[in-house]
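So the structure is just underneath, and the comments pick up after that.
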Amino acid sequence: VLSLNENLNFEQDVITHVHKIKNDKPLIKITTASGASMSVTPEHPLLSLNNRLAWRRADSFALGEYLATPQKIKLGLKETVFPFLEIFKDLPGNYKVWLTFKPEFTAKYNLKAPAEFSTFIKLFISIDEVKENLLSVHFTGEKCVSTPIKPIWEISGELLYWLGLVIAEGRIHHGINFYNNDPALLKIFISSSERIFGVKPEPIDGGLRVRSTAAIFFLRKAFNLTRNQHSRDKVIPKTVLIQQDQKVARLLSALFDGEGSISKKNKVVEFSSASSDIINKVAYLLLRFGIRARIRDKWSLATNSPHPIR
């Protein structure tokens with residue numbers, strides 16, 4: 001976890017103890033001038049930045065006092081391997097997963113073409129050999145769209161940019177829908193969908209759609225995106241928070257491409273979302289690049305909806 005050492009520098013550390021206490025007192029919500037907020041127990045220690053640096057109980061603070069907050073967060077994260085096949089172990093309903101391998105691999109292990117996932121997983125073949133030979137994955141079952149997708153072994157920058165577009169301007173409904181009328185973004189969404197999943201999006205009213213049950217299931221398990229999710233319920237998944245800076249930058253770029261704007265009046269770059277989770281995590285992720293964001297409430301209309309609601 002991210003922790004603060006005695007030199008007031010952030011570092012990755014290991015959790016050694018977990019404490020659970022019964023608390024009948026109400027939590028205290030503290031909101032800073034930048035709009036960031038936290039809810040803590042009254043005795044929770046916070047670093048005060050008034051006459052001197054000192055740890056104080058949360059309930060000892062008064063309006064107008066200062067809290068110490070980071071100007072930049074450096075994590076030094078390493079490249080990770082994504083467990084692609086693991087996400088298909090728990091399937092809903094009567095779905096089946098099928099794996100298509102190179103012919104020589106299929107013959108070597110006497111597999112059917114395609115091979116059913118539940119049968120294949122019992123063979124305990126090394127993941128390196130699987131990565132070299134797996135060509136695609138597809139679903140069958142009631143109401144399935146059996147379009148196959150390519151295996152995804154890493155959370156790449158391109159995948160995070162594509163994900164950012166879906167979070168900002170997308171919805172899972174009869175497929176993975178991306179609503180936008182910008183020709184440049186539509187072109188990027190098409191080319192990235194083909195490179196990442198091997199699936200070409202089809203035109204729909206107001207944008208594009210990726211039709212593949214395998215791709216939908218991948219998004220649900222890997223990034224916690226669900227069907228018919230309202231904008232206010234969208235999140236930036238935990239998987240993103242542990243990615244390296246250059247990959248996080250691609251996600252932020254897509255979010256701002258979809259929901260960002262420049263205020264000529266205030267001379268600032270703005271990002272809008274109905275989701276408090278997205279707003280707070282965008283502010284957190286921007287700190288990875290030394291950018292301090294200010295959070296405030298704003299009324300706006302969805303520009304990509306035929307029937308916008310304030």
Tell me if a side-chain donor or acceptor on [X] pairs with a main-chain N or O of [Y] at a distance below 3.5 Å.
X	Y	value
Gln229	Asp233	yes
Ser146	Phe139	yes
Glu65	Ala62	yes
Thr119	Ala115	no
Ser48	Leu67	no
Arg294	Ala33	yes
Asn180	Gly207	no
Asp182	Ala184	yes
Ser253	Ala249	no
Ser212	Thr147	yes

Check the hydrophobic clustering (I, L, V, M, F, W, Y; side-chain heavy atoms under 4.5 Å; chains of links allowed) and say if [X] and [Y] are grouped together.
X	Y	value
Leu135	Ile87	no
Trp98	Phe218	no
Ile242	Leu159	no
Val269	Leu251	yes
Leu134	Phe105	yes

Straight-line distance of [X] [atom1] to [Y] [atom2], nearest 0.5 Å:
X	Y	atom1	atom2	result
Leu255	Ser272	CG	OG	12.0 Å
Lys89	Ser118	NZ	OG	12.5 Å
Ser275	Ile236	OG	CD1	8.0 Å
Leu219	Leu163	CG	CG	7.0 Å
Lys234	Arg171	NZ	CZ	9.0 Å
Ile176	Arg211	CD1	CZ	11.5 Å

Starting from the C-alpha separation in whole Å, work towards a yes-or-no answer on side-chain contact (heavy atoms from CB on, under 4.5 Å) for Asn177 and Arg209. CA-CA 4 Å; Asn177 302 333; Arg209 173 179 293 160; 2.6 Å; yes
Of the non-hydrogen atoms in [X] and [Y], which two are nearest, and what is the gap between them?
X	Y	value
Ile30	Leu46	CD1-CD1, 3.4 Å
Asp59	Ile28	CB-CD1, 3.5 Å
Pro42	Arg57	O-CB, 3.8 Å
Ala293	Leu286	CB-CD1, 4.1 Å

If only side-chain N and O atoms count, and only distance matters, is there a donor-acceptor pair under 3.5 Å linking [Y] with [X]?
X	Y	value
Thr32	Ser34	yes
Tyr179	Asp205	no
Arg232	His230	yes
Arg292	Thr69	yes
Asn94	Glu142	no

Taking only Lys NZ, Arg NE, NH1 and NH2, and the carboxylate oxygens of Asp or Glu, determine whether Arg195 and Glu158 approach each other closer than 4.0 Å. yes
Could you tell me whether Glu79 and Lys247 make a salt bridge, using a distance below 4.0 angstrom between a side-chain N and a carboxylate O? yes
Do Ile149 and Val199 touch side chain to side chain, with heavy atoms closer than 4.5 Å? yes
Just do the side-chain contact (heavy atoms from CB on, under 4.5 Å) check on Ile155 and Phe223 with the steps written out, would you? CA-CA 11 Å; Ile155 306 298; Phe223 298 114; 3.8 Å; yes
Counting only heavy atoms from other residues, nucleotides and ligands, does the tally under 6.0 Å from [atom1] of [X] exceed 12?
X	atom1	value
Asp90	CG	no
Glu104	CD	yes
Ile15	CD1	no
Phe289	CZ	yes

Would you check, one step at a time, whether the test ring-ring contact (aromatic ring centres under 6.0 Å, His included) holds for Phe101 with Phe120? CA-CA 11 Å; Phe101 294 99; Phe120 163 79; 5.0 Å; yes
Would you please classify the geometry between the Phe88 ring and the Phe217 ring as parallel, tilted or perpendicular, with 30° and 60° separating the classes? parallel
Angle between ring planes, Phe189 versus Phe178, binned at 30° and 60°: parallel, tilted or perpendicular? parallel
Would Glu129 and Lys108 satisfy salt bridge (Lys or Arg N to Asp or Glu O under 4.0 Å), going step by step from the backbone distance to the final call? CA-CA 12 Å; Glu129 189 175 5; Lys108 176 181 177 180; 2.8 Å; yes
ring-ring contact (aromatic ring centres under 6.0 Å, His included) between Phe82 and Trp153, worked out: CA-CA 5 Å; Phe82 182 72; Trp153 302 111; 8.7 Å; no
Stepwise, does the salt bridge (Lys or Arg N to Asp or Glu O under 4.0 Å) test hold for Arg296 with Glu270? CA-CA 10 Å; Arg296 62 184 178 88; Glu270 295 183 338; 2.8 Å; yes
Stepwise side-chain contact (heavy atoms from CB on, under 4.5 Å) check, Leu252 with Arg288: CA-CA 11 Å; Leu252 290 172; Arg288 301 260 291 262; over 6 Å; no
State which residues pass side chain to side chain donor-acceptor pair (under 3.5 Å) with Ser193; sequence neighbours excluded, sorted by chain then number. Trp162
Cation-pi check, Arg56 onto Phe61 ring (under 6.0 Å, within 45° of axis): yes
Let's go through Leu241 and Lys281 carefully: what are the C-alpha distance in whole Å and the side-chain angles of both, what is the deciding distance for side-chain contact (heavy atoms from CB on, under 4.5 Å) to 0.1 Å, and is it a yes or a no? CA-CA 9 Å; Leu241 303 182; Lys281 285 179 180 173; 4.3 Å; yes
